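Predicted, not measured: the structure shown is a model, and the values here were computed from it.
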Amino acid sequence: LAAAALVAGWLGYGWRGIVLALTVIVFWLLLQFSRTLRVMRRAAGAPIGHLASAVMLHSKLREGMALAQILALTGSLGERIAPPGDAAEEQWRWRDEGGAAVTVRMGDGRLLGWTLDRPQPRD
């Protein structure tokens with residue numbers, strides 16, 4: 001996209017178009033960096049592995065989501081769980097006040113799968 005913006009700028013306005021395209025690219029990068037910092041600052045201020053509702057997180061997760069997107073949904077950093085053997089995968093867990101937990105499997109920075117664990121009801 002950045003290369004396409006540079007080419008379009010050159011073809012449309014010459015060197016002024018390249019300057020405009022570079023300005024837009026830098027502005028977009030600064031917006032992304034600012035968004036990531038805001039998510040990380042918010043997550044760092046919350047208790048590790050805690051979230052408001054595990055069921056709500058479970059319903060909002062989609063395969064292929066980035067870890068930054070999951071942190072934005074949870075509002076906290078997850079509790080890291082040792083992977084069962086594959087070092088390429090990471091597992092993170094969040095719990096709510098009711099004892100329900102969501103465990104996510106990440107690979108290459110993307111969500112591969114997740115499970116919702118609910119506590120057994122007492123009679």
Between CH2 on residue W92 and CD1 on residue I70, distance to nearest 0.5 Å:
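The CD1 atom of I70 is 11.0 Å from CH2 of W92, to the nearest 0.5 Å.
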
To the nearest 0.5 angstrom, please state how far the CG atom of L73 sits from the CG atom of L61.
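Going from the CG atom of L73 to the CG atom of L61 covers 6.5 Å.
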
Smallest separation among heavy atoms of [X] and [Y], with atom names:
X: V39; Y: A68; value: CG1-O, 3.8 Å
X: S76; Y: A46; value: CB-CB, 3.6 Å
X: L112; Y: M106; value: CD1-C, 4.0 Å
X: A101; Y: A54; value: N-CB, 4.1 Å

Side chain to side chain contact (heavy atoms under 4.5 Å, CB included) between E97 and H50: does it pass, once the steps are laid out?
CA-CA 8 Å; E97 293 294 325; H50 179 76; 2.7 Å; yes

Sub-4.5 Å side-chain heavy-atom contact between L51 and M56
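A side-chain contact under 4.5 Å is absent here.
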
Is there side-chain contact between V104 and L57, with at least one heavy-atom pair below 4.5 Å?
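Of all side-chain heavy-atom pairs linking L57 with V104, none is under 4.5 Å.
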
Honestly curious: do L22 and L11 fall in one hydrophobic cluster under the side-chain, below-4.5 Å linking rule?
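Yes, same cluster.
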
Taking a hydrophobic cluster as the set of Ile, Leu, Val, Met, Phe, Trp and Tyr residues connected by side-chain heavy atoms closer than 4.5 Å, whether directly or through intermediates, do M40 and W94 fall within one such cluster?
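Linked, M40 and W94 end up in one cluster.
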
Quick one: does R42's side chain have a donor or acceptor within less than 3.5 Å of a partner on A72's backbone?
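Flag set: sc R42 to bb A72 pair under 3.5 Å.
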
Heavy atoms from other residues, nucleotides or ligands near CD1 of I48 exceed 12 (cutoff 6.0 Å):
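Incorrect, the count does not exceed 12.
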
Using the test salt bridge (Lys or Arg N to Asp or Glu O under 4.0 Å), find all partners of R105 that sit at least two apart in sequence or belong to another chain.
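Expected list: E89.
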
Hydrophobic cluster (4.5 angstrom, side-chain heavy atoms) - remaining members for L31:
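Besides L31, the hydrophobic cluster comprises F27, listed by chain and residue number.
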
